[in-house]
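Here the structure is laid out as structure tokens; the discussion comes afterwards.
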Amino acid sequence: MDIRAGLQSGDKRACARLISMVENEDEQAIGILKELYGLTGKARVIGITGPPGAGKSTVTDKLAKLLRQQGKKVGIVAVDPTSPFTGGAILGDRVRMTDLSTDPGVFIRSMGTRGALGGLSKAAHGAVKVLDIFGMDYIFIETVGVGQSEVDIVRLADTVIMVAVPGLGDDIQAIKAGIMEIGDVFAVNKSDRDGAERTATELEMMLDFNIRSQYRPPVINIIAKDNKDVDKLLEAVEKHYVYLVNSGELSQRKKNSIKNEIIDIFKYAMVKAIEEKSQSSSFIEQLISDTVDKRLDPYTAAAKLVEEFRSR
Amino acid sequence: MDRPIRVIVAKPGLDGHDRGAKVVARALRDAGMEVIYTGLRQTPEQIVETAIQEDADCVAMSILSGAHNHLFPKVVRLLKEKGADDILVVGGGVIPEDDIPGLIEAGIAAIFTPGTPTSVTIDFIKSNIKRS
Ligand SMILES: Nc1nc2c(ncn2[C@@H]2O[C@H](COP(=O)(O)OP(=O)(O)O)[C@@H](O)[C@H]2O)c(=O)[nH]1
Ligand SMILES: [Mg+2]
């Protein structure tokens, strides 16, 4: 299969294969991305995050359908956690997106979080690039909003939608603790349930304490499963984008995202190099046993390791 | 790098529940595979598109409603049309013994009838997927 040609002629198999190769850190795939990097940066990237079961996949499905009505092509990267014990995962987001799967203008990819080491955000970055080159106008990244790696992923988005649901006070606490700051648009989904207005009010209140700029994230009540007010959500997303462009924040975000990506790749390479070294190197072995015997302390040992890496 | 095997677990046809498919999905996950779970009432077209976009190594389908003689071969045929017949196709569910040879003939690599230990399915997938 000629992946380069396939990618540019709209062959979904080529796109799918390249995403796998990127995910598996295939050198050839990195080569292709290097070569086609100039074609990236055209797609609008939208992160969707929030607690499990909040309706992120359902929201994504409905947003994608609205965009399809406007003739836009839509890529979706849906991330679910990998079991740290078996390395396996059940990736179930497509269940909510069944009728998108045969739409020629939609490409959906499920992704497990797999190993640690920031490998996920690297893979997600890679998948977004591939879909961008593949000609998608909008790319959604769905993640469960819990850990740092999820935060890293949504950082590569132009706009982040936080999906909350009524009645889960704890969710709001979690949102407050970690990721209130990264939401650009807040959706209170399942507004067919009691307490939706209250949740919206609570979110508004928290936003009062988190004003970052002249942009204030809107809070929108929706019922994704009935496709109610999802169009308002999309409007809010478009409005945020207009703000990003007019304020100059878009270029700042893109720059930050590129910075994060370079640092991620660098860190990943370093950690890998250290890990490889620590498996073979007597130098590290020595540091460890010296620390065990209290001839060294972990701080000094780590400093020596840094020195060792610097000197080469 | 070690990459997990990716399997689509799908339920074509009009079955009303997917308990069996979920058991298989969990077993495959516990065996270290990435299971893309698609839910109930998938058409063969949807299953094939999903398999392609997910770059799956295997499609595992289960049917209780009796439409296997039509739906299983159709998935194989569509995969072939799309040039994706390197994807392993296996089936399960309530399938009469007499139907099995025909299904194998049609390109379904294996049929696992109720009571087959999940370990058999897992081993079969592991040793028969075509990609390294
Ligand atoms: N009552 C209600 N349920 C919804 C709504 N939107 C989604 N759901 C249901 O919530 C469950 C989880 O949805 P899903 O999109 O998979 O959530 P995710 O885990 O955040 O991706 C599913 O059973 C949906 O049908 C809604 O607006 N109202
Ligand atoms: Mg989901």
Side-chain angles (χ1 to χ4, degrees), chain A residues 1 3 6 11-27 29 57 75-104 106-115 117 119 123 127 130-131 134 272, chain B residues 1-12 18 21-57 59-60 75 78-87 118 122 125-126 129 131-132:
Chain A
M1 189 192 310
I3 289 181
D11 177 5
K12 285 188 175 176
R13 278 172 62 229
C15 180
R17 184 57 56 81
L18 186 56
I19 292 175
S20 303
M21 288 164 69
V22 169
E23 212 179 359
N24 300 324
E25 306 184 345
D26 182 295
E27 280 305 321
S57 301
I76 297 168
V77 181
V79 183
D80 273 322
T82 294
S83 156
F85 302 107
T86 65
I90 292 182
L91 312 175
D93 296 311
R94 293 190 84 107
V95 172
R96 316 278 171 230
M97 309 180 190
T98 295
D99 18 297
L100 289 179
S101 51
T102 47
D103 182 331
V106 175
F107 190 106
I108 306 173
R109 184 58 175 248
S110 314
M111 207 172 252
T113 47
R114 295 203 186 169
L117 303 183
V130 173
L131 290 171
F134 194 57
K272 253 179 104 175
Chain B
M1 203 187 100
D2 234 19
R3 69 183 192 95
I5 294 171
R6 287 170 66 85
V7 184
I8 311 292
V9 171
K11 278 205 68 83
D18 56 356
K22 279 183 172 149
V23 169
V24 171
R26 277 195 293 272
L28 297 180
R29 174 199 59 194
D30 293 342
M33 301 183 194
E34 276 180 357
V35 176
I36 295 104
Y37 193 74
T38 60
L40 287 169
R41 303 210 168 98
Q42 297 283 303
T43 65
E45 287 80 4
Q46 287 167 341
I47 292 169
V48 166
E49 267 305 317
T50 297
I52 287 173
Q53 291 170 32
E54 298 288 355
D55 194 24
D57 302 289
V59 172
V75 167
L78 290 173
L79 281 172
K80 194 165 200 155
E81 277 172 23
K82 300 256 178 186
D85 46 346
D86 53 340
I87 300 175
T118 48
I122 290 164
I125 292 174
K126 280 187 176 162
I129 53 167
R131 302 206 199 116
S132 52

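Hydrogens, waters and symmetry mates play no part in the numbers below; they use all other heavy atoms, side chains included. Letters A, B, ... are given to chains in the order of the sequence lines, protein chains preceding strands, and every chain is numbered from 1.
- For chain A, the option among B:Leu28, B:Val7, B:Val35 with the highest count of heavy-atom pairs below 4.5 Å is B:Val35.
- Among A:Ala78, A:Ala89, A:Ser20, the residue with the largest count of heavy-atom pairs under 4.5 Å with chain B is A:Ala89.
- The choice from B:Asp30, B:Ile47, B:Leu40 that makes the most heavy-atom pairs within less than 4.5 Å of chain A is B:Asp30.
- Contacts classified as salt bridge (Lys or Arg N to Asp or Glu O under 4.0 Å) and involving residues 75-89 of chain A (residues at least two apart or in different chains) are not found.
- Contact of the A:Leu100 side chain with the A:Ile76 side chain is registered, since non-hydrogen atoms from C-beta on lie closer than 4.5 Å.
- Take B:Lys82 and apply the salt bridge (Lys or Arg N to Asp or Glu O under 4.0 Å) test, not counting sequence neighbours, and it matches B:Glu49.
- Across B:Glu34, B:Arg41, B:Gln42, the residue that shares the most heavy-atom pairs under 4.5 angstrom with chain A is B:Glu34.
- No part of A:Val77 comes within reach of chain B, as not one of its non-hydrogen atoms sits under 4.5 angstrom from that chain.
- At least one donor-acceptor pair closer than 3.5 Å links the side chain of A:Arg94 to the backbone N or O of A:Ile108.
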Apply salt bridge (charged side-chain N to carboxylate O under 4.0 Å, His left out) to residues A:Asp26 and B:Arg3 and explain how you reach the verdict. CA-CA 11 Å; A:Asp26 182 295; B:Arg3 69 183 192 95; over 6 Å; no
